[in-house]
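Worksheet for the structure shown next.
Only heavy atoms go into these numbers, but all of them, side chains included; no hydrogens, no water, no symmetry mates.
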Amino acid sequence: MLSFLTARQAGLDDPLRLRRAESTRRVLNLELNHDRDVDRIHSNGVNTIDIEVIEGRYMLSGGADGVIVVYDLENNSGKPQYTCKAVCTVGRSSRYVHRFSVETVQWYPHDTGMFVSSSFDKTMKVWDTETLKPAEVFQFEGNVYCHHMSPIARKHSLIAGVCVCVCVCVCHRGEVLSVRWSPRYEHILATASTDSRVLVWDVRRASGSLFSLDQHNGDKSKASSEAVNTAHNGRVNGLCFTVDGLYLLTTGTDDRMRLWNSANGKNTLVNYGKVSNESRKGLKITVSRSCSPEFVFVPCGSSVAVYTLHTGELVTMLRGHYNNVDCCQFHPDYQELYSGGKDCNILAWVPVVRPPDVEEEGTAAKVGGCTAGTI
């Protein structure tokens, strides 16, 4: 790390190189933090979590008990041992609580004064954070497995679970388990379903989807007799765009994870091996940010599997839950990971603090000599 700092001071390296190197090192050293607890509020499994991007301080969670919790992740105790306290809760005693399992919670991307939740009680609610009362309630005819708001949209404030539900139900042959807006183009949306298909949409078009992802890339000799393209050989229950929006990750109950070019829908054929997935609902996966290479975090049984995004290498398995993990969320400001599972726990995975690098004197002297020569 000393060589990175010296090269940056001398103007030999782009400052981003140091940031990427340190971010990568921190992700590669993630471990369960025994000094940090998260208040255990849920009486049933934790289905979904979301960290707001304005301050990176507050986290939402939604559980199978219908409860929604807002946590403060900041440590104000001045001690290394602390508990992330629940700031407020929409509990079972609230008249506004969801009657059944909360499947997705999400902060409004541009303001922490609002968040959205969707549930198996066939409703999606837009909440006022200050009053913890719903400002709007949308009723559906069936379970709402997932919703998503665009992180970049400036020309629309569409919530995917509302605006495309009718069109999606017509084009998919099964229930839609996951939806995601592109972080690159504000009108591009991906949907995943129990019919093994992933469709990519431009919501400005009324004629249908742009294309359907094909795991065989058009090779008819490998495709089945089905007339439609399939992304997986089972239910597709996980979707996640990379931060730059250039690639799309999907997971399915065929125990496979696939990486797709989001521009043309081609399967990149990255082999991640067997990625165990028995979930009948949506699976929340996440990706790193500002790392080189980038990583993907996938709930896998009672663990979280960490893969290198473009090579498919399994880096490590994060073990700490006592039951299946349903969701995980990467915190890009601190390169930390939070995961929630059926054991009712939310666990914090943080980089291990290590002693400063001790580099060879010859290397330091060489870099110092180059610096002096440049000056």
Side-chain angles (χ1 to χ4, degrees), residues 27 30 45-51 59-62 103-106 145-148 151 160 176-183 189-194 198 213 231-232 234-260 262 267-268 270-289 291 293-319 321 324-332 335-342 346-347 349:
V27 170
L30 284 176
V46 180
N47 293 329
T48 172
I49 53 180
D50 188 42
I51 300 172
M59 179 174 69
L60 279 169
S61 71
E103 294 302 303
T104 307
V105 291
Q106 185 189 7
Y145 286 93
C146 185
H147 71 267
H148 193 234
V176 177
L177 300 181
S178 186
V179 293
R180 281 293 181 275
W181 290 99
S182 166
L189 178 76
T191 61
S193 170
T194 58
V198 175
L213 301 186
H232 288 265
R235 298 184 300 274
V236 188
N237 58 3
L239 281 178
C240 184
F241 279 96
T242 55
V243 175
D244 56 16
L246 296 177
Y247 296 92
L248 175 66
L249 280 157
T250 63
T251 59
T253 54
D254 56 357
D255 294 337
R256 290 291 180 265
M257 180 165 63
R258 294 194 167 94
L259 182 69
W260 311 82
S262 63
N267 184 358
T268 63
V270 174
N271 183 11
Y272 295 97
K274 181 179 179 180
V275 183
S276 296
N277 182 353
E278 298 178 355
S279 177
R280 302 189 65 86
K281 303 190 296 182
L283 198 68
K284 277 71 173 181
I285 63 179
T286 188
V287 293
S288 64
R289 178 178 297 182
C291 295
E294 296 290 5
F295 303 94
V296 53
F297 306 90
V298 187
C300 192
S302 60
S303 306
V304 178
V306 184
Y307 294 91
T308 304
L309 181 66
H310 290 287
T311 67
E313 177 189 359
L314 176 61
V315 177
T316 187
M317 298 287 285
L318 303 176
R319 295 181 172 89
H321 285 277
N324 286 353
V325 181
D326 286 325
C327 58
C328 55
Q329 183 73 29
F330 185 73
H331 198 319
Q335 294 79 47
E336 298 173 345
L337 184 76
Y338 291 85
S339 60
K342 287 184 170 60
I346 298 176
L347 300 183
W349 309 86

Q: Have a look at N277 and tell me which of D254, T253, N237 forms a side-chain hydrogen bond (donor to acceptor under 3.5 Å, both in side chains) with it.
A: N237
Within the 4.5 Å heavy-atom criterion, are [X] and [Y] side-chain neighbours or not?
X	Y	answer
I346	I49	yes
S303	V325	no
T242	L309	yes
S339	P299	no
V306	L30	no
R256	Y272	no
T251	L283	yes

Indicate the atoms forming the closest heavy-atom contact of [X] with [Y], along with that distance.
X	Y	result
F330	R289	CE2-N, 3.5 Å
N267	L259	OD1-O, 3.6 Å
V105	D50	O-CB, 3.6 Å
G238	S178	C-OG, 4.3 Å
V46	S61	CG1-CB, 4.4 Å

Counting N and O atoms only, with roles assigned by atom type, does the side chain of [X] sit under 3.5 Å from a partner on the main chain of [Y], one being a donor and the other an acceptor?
X	Y	result
T286	Q329	no
R258	A231	yes
T194	R235	no

Any chance you could measure [X], atom [atom1], to [Y], atom [atom2], to the nearest 0.5 Å?
X	Y	atom1	atom2	value
W181	F241	CH2	CZ	10.5 Å
I51	E336	CD1	CD	8.0 Å
I285	C240	CD1	SG	5.0 Å
S182	H148	OG	NE2	10.0 Å
K281	E103	NZ	CD	4.0 Å
M257	C300	CE	SG	9.0 Å

Q: Might you work through the side chain to side chain contact (heavy atoms under 4.5 Å, CB included) test for L239 and V198, ending with a clear yes or no?
A: CA-CA 9 Å; L239 281 178; V198 175; 4.1 Å; yes
Q: Check the pair C146 / R180 against side chain to side chain contact (heavy atoms under 4.5 Å, CB included), numbers first and verdict last.
A: CA-CA 9 Å; C146 185; R180 281 293 181 275; 3.7 Å; yes
Q: Describe, in one word, how the ring planes of H310 and Y247 are oriented to each other, choosing from parallel (under 30°), tilted (30 to 60°) and perpendicular (over 60°).
A: perpendicular
Q: Classify the ring geometry between W349 and H321 as parallel (under 30°), tilted (30 to 60°) or perpendicular (over 60°).
A: tilted
Q.
Using side chain to side chain contact (heavy atoms under 4.5 Å, CB included), reason through Y307 and V298 one step at a time and then give a plain yes or no.
A. CA-CA 8 Å; Y307 294 91; V298 187; 4.3 Å; yes
Q: Report the C-alpha distance between K284 and D326 in whole Å, list the side-chain angles of each, state the deciding distance to 0.1 Å, and finish with yes or no for salt bridge (charged side-chain N to carboxylate O under 4.0 Å, His left out).
A: CA-CA 6 Å; K284 277 71 173 181; D326 286 325; over 6 Å; no
Q | side chain to side chain contact (heavy atoms under 4.5 Å, CB included) involving C291 - partner list, sequence neighbours excluded | A | S23, T24, V27, S288, E294, F295
Q. Does a side chain donor of either T250 or H232 reach within less than 3.5 Å of an acceptor in the other side chain?
A. yes
Q) Does the pair V287 and L249 meet the rule for a side chain to side chain contact (heavy atoms under 4.5 Å, CB included), with working shown? A) CA-CA 9 Å; V287 293; L249 280 157; 3.6 Å; yes
